[in-house]
Protein chains: 2
Amino acid sequence: MATRRQRTERRADALSKERIVAAAVELLDAAGEGGLTFRVLTERLETGPGAIYWHVANKGELLVAATDAVVAAALAGEPAGSPHSPRDGIRAVALGLFDAIDEHPWLTTQLSVQLSRNPRGPVTPRIFESIGRQVRALGVPEGDWFTATSVLVHYILGAAGQNAANGRALGPDVDRAEFLDAVSTAWEDLDPDEYPFARAVADQMREHDDRAQFLAGIDLVLIGITARHRLGG
Amino acid sequence: MATRRQRTERRADALSKERIVAAAVELLDAAGEGGLTFRVLTERLETGPGAIYWHVANKGELLVAATDAVVAAALAGEPAGSPHSPRDGIRAVALGLFDAIDEHPWLTTQLSVQLSRNPRGPVTPRIFESIGRQVRALGVPEGDWFTATSVLVHYILGAAGQNAANGRALGPDVDRAEFLDAVSTAWEDLDPDEYPFARAVADQMREHDDRAQFLAGIDLVLIGITARHRLGG
DNA sequence: ACCTGAACACCGTTCAAGT
DNA sequence: ACCTGAACACCGTTCAAGT
């Protein structure tokens, strides 16, 4: 039986789930959550909706795939046996996610939705694994693994999401200093009796360094994680 | 000039923003995010869309108001000068939010969206205030207020959201034990080389007590917050 | 097996018109 | 001042039909 190869590809730029996901990420990056639409996706890919639905079950699956693609890329820089200490490993993973969320602000909502409603999808285990591995390497007793990892994951995603919003909240014409100043002012104008703390803390928001602030939070958690069993928890 | 009262109300059940928001909360509770629609809202309130738009600018404002109403109610139990210690105060606020999110799972997404995209809205300062006040009472140095409060807030909302999803993820016909078992099994089936941590931790998910787990995370953070300046931060 | 594109049911929002 | 309801532009999804 002679070897018979497929003579020609259907078309040079054949559709595939990967190409669709890549286009989806581009649209999300360019215009946020609302920018991903089957109409503009079909235009961009020069097809009809039916073609996309042949590769992808629905919009939800597309969003999961887009999220996972971006998160996987962000975490790819951290191979299993990295040279640095577990603490530095955690900082590296945290900053990787921080930057990814800053570059792709639509991740904020997607990660929140997928961590809660979609724990069997690819995203949740991927994130827990990358953090949890370092927690284990830290020497935390097994009973604390889940708690410690949860605290880290939720803080990382929450704080990174808040930071990302500062960056582009009101479009590219409003820069972040301007935006933070407006928020800070709004908090200072709150009722003094009802919001003493918010008012007191408002000024710190104005000129803080986000990465430093973010890492300070990570360190606070790391102290809690290690102090706990060092004290004999 | 004789006292002349308004003779009659327009209609006994006149529309108001409060009534609209209350109806919105009911719809969200009954059918989740997708359950809130201007069509069903107008049916429920026996009006047309124009009537609602006279009281509310758009759907976003309606969601902000619904979120704030529920969160405010959840935090109302904690007046300024409560009798207990700051630690117990934090636990109480945390559990109040935990339960609110459990009862209104749609809060998970809304709080994530509003904390990041909407820091000038009513919800973000309200939550930061209720936690931050107790952090201050803990004796934390002022420079750490924002960091400590952020860690607590993000952990509380993230972990509570994940818990709420366990409750009703697949409708009322699937109970939580069944759901957790399915997630746990899915994690155990992951690739052993890529996901050693997720596999190791999967079994703990199966029969854990959520409130205990949640409070363990709070305590871990509290240790970090206090150990930090006790060690001379 | 893979793609086309018209059609369907639905959505948030607007607005001229009424009281 | 407050409400009515038809209309608009848009959305995700389906499906008979093509190659």
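Numbers restart at 1 for each chain; the letters A, B, ... are given by sequence-line order, proteins then strands. All of these numbers come straight from a predicted model, not from anything done at the bench.
- For A:Asp68, the side chain to side chain contact (heavy atoms under 4.5 Å, CB included) criterion is met by A:Pro122, A:Val123, A:Arg126, not counting sequence neighbours.
- Taking atom NZ of residue A:Lys59 and atom P of nucleotide D:dC10, one finds them 15 Å apart after rounding to whole Å.
- Rounded to whole Å, the distance from NE2 on B:His55 to C1' on D:dA1 is 10 Å.
- Using the six-membered ring where Trp is involved, B:His208 and A:Phe146 have ring planes that are tilted, between 30° and 60° apart.
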query = Pairing of DNA chain C as dot-bracket, 5' to 3': ( ) intra-strand, [ ] crossing, | other strand, . unpaired, with Watson-Crick or G-U pairs under 3.5 Å?
reply = ||.|||||...|||||.||
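- Rounded to an integer number of Å, the gap from CD of A:Glu33 to P of D:dG12 is 11 Å.
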ask   = Taking it one step at a time, do A:Phe214 and A:Phe98 satisfy ring pair (Phe, Tyr, Trp, His ring centres under 6.0 Å)?
value = CA-CA 9 Å; A:Phe214 176 71; A:Phe98 185 86; 4.5 Å; yes
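- For the residue pair A:Gln114 and A:Thr67, a side-chain donor N or O sits within less than 3.5 Å of a side-chain acceptor on the partner.
- Of the candidates C:dC3, D:dT13, C:dC2, the closest approach to any side-chain atom of A:Trp54 belongs to C:dC2.
- Look at OH on A:Tyr53: it is 3 Å from P on D:dT13, rounded to the nearest Å.
- Which of D:dT14, D:dC3, C:dG12 sits closest to the side chain of B:Thr37 comes down to C:dG12.
- Rounded to the nearest Å, the gap between the C1' atom of C:dC8 and that of D:dC11 is 12 Å.
- In this structure, the side chains of A:Trp187 and A:Arg199 stay at 4.5 Å or more apart for every pair of heavy atoms.
- A straight line from CZ of B:Arg39 to P of C:dC10 spans 10 Å, rounded to a whole angstrom.
- Each of A:Gly50 and A:Leu36 was assigned the nucleotide of DNA chain D with the nearest heavy atom; the assignment lying further toward the 5' end belongs to A:Leu36.
- Rounded to the nearest 0.5 angstrom, A:Ile20 CD1 and A:Arg44 CZ are separated by 13.5 Å.
- Taking the C1' atoms as reference points, D:dC2 lies 13 Å from C:dA17, given to the whole Å.
- A straight line from CZ of B:Phe38 to P of D:dC10 spans 18 Å, rounded to a whole angstrom.
- For the pair B:Ser16 and A:Gly34, both in contact range of DNA chain D, the more 5′-proximal nearest nucleotide belongs to B:Ser16.
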key: Derivation and outcome, ring pair (Phe, Tyr, Trp, His ring centres under 6.0 Å), residues B:Tyr195 and A:Phe128   = CA-CA 9 Å; B:Tyr195 293 96; A:Phe128 266 77; over 10 Å; no
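- Atom-to-atom, CG of A:Leu41 to C1' of D:dC10 comes out at 16 Å; the value is rounded to the nearest Å.
- In the set D:dG5, C:dG12, D:dG12, the nucleotide with an atom closest to the side chain of B:Pro49 is D:dG5.
- Summarising the geometry, the separation between CG on A:Leu45 and C1' on C:dC2 is reported as 15 Å, rounded to the nearest angstrom.
- Taking the side chain of B:Ala51 as heavy atoms from C-beta on, and the options C:dA1, D:dT4, D:dT14, the nearest nucleotide is D:dT4.
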